[in-house]
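Each remark here refers to the structure printed beneath this line.
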Amino acid sequence: MSLSVALTKGRLEKAAVAMLEECGYGVEKLKDKGRALAFEDTLKDIRYFLVKANDCITYIEHGVADIGIVGKDTLMEGGSDYYEMLDLKFGQCRFIVGGMKGCDPLKKSGHIRIGTKYPEVARQYFASRGMDVEIIRIDGSVELAPVLGLCDGIVDIMETGKTLKENGLEVYDTVARISARLIVNKASFKLKRDEVMNFITDLERIVNRNAEGNQ
Ligand code: PRP
């Protein structure tokens, strides 16, 4: 196969496959995949595989994948040995600081505890504000942590805002806007430059077309 492409499972998967289909790639098998995790393009010389977001960076950094599609949230949290080439503009959401209604953790004095799946993003955000906080790593259902008293606030992803609202939390600040990004293995960028650039150009065309459609 000329190119190996790591796609992030879950939230970004459907939009990524839809974009590849719009580019004219043979991704039918990815739409009706059952439990399979690796697929060959029926039209192009490309192999796709589906991985967890953090693992997408690992596969890219180890050169197993040439190209990866992954959220900016994951890129902000860790890994740096890749080229970030394109903002794909789907999977748009925000990193936010949240807390219980009426209890802004940013206004709390003394010891502050922050629950998050993204300790590095949280650490950098609070350090930039000169706030010394205790970061508590949580793997999921982050909105529950302040409700149960594990922490005073959270740093988490917000897409629709429903999870926050339905658990009695509100947003107190935006840390960063995030969306899906295309990343490239550094060696592949040199050794497979034409194939990589053709792939990027195809996706970029769709990103620009969608942006024009939204104007
Ligand atoms: C993410 C995030 C929030 C939720 C936000 O969790 O951590 O909990 O989605 O989405 P919303 O603003 O549209 O409500 P995810 O669904 O990935 O599940 P998790 O809690 O198991 O990590």
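Side chains included, hydrogens not; waters and symmetry mates left out as well; all remaining heavy atoms used. Start at 1 and go down the list; that is how both ligands and their atoms are numbered.
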Partner of L169 by side-chain contact (heavy atoms from CB on, under 4.5 Å), out of M100, K101, M158: M100
Trace of the salt bridge (Lys or Arg N to Asp or Glu O under 4.0 Å) decision for D55 with K52: CA-CA 5 Å; D55 298 337; K52 288 251 187 193; over 6 Å; no
From CA spacing to verdict: salt bridge (Lys or Arg N to Asp or Glu O under 4.0 Å), E212, R209: CA-CA 5 Å; E212 279 162 24; R209 202 180 69 191; over 6 Å; no
Partner residues of F126 under the ring pair (Phe, Tyr, Trp, His ring centres under 6.0 Å) criterion, sequence neighbours left out: none
R123 to Y125, cation-pi by 6.0 Å centre distance and 45° axis angle: no
Heavy-atom side-chain proximity of L75 to I178 below 4.5 angstrom: no
Residues in the immediate environment of ligand 1 (any heavy atom closer than 4.0 angstrom): R11, K117, G140, S141, E143, D156, I157, M158, E159, T160, G161, K162, T163
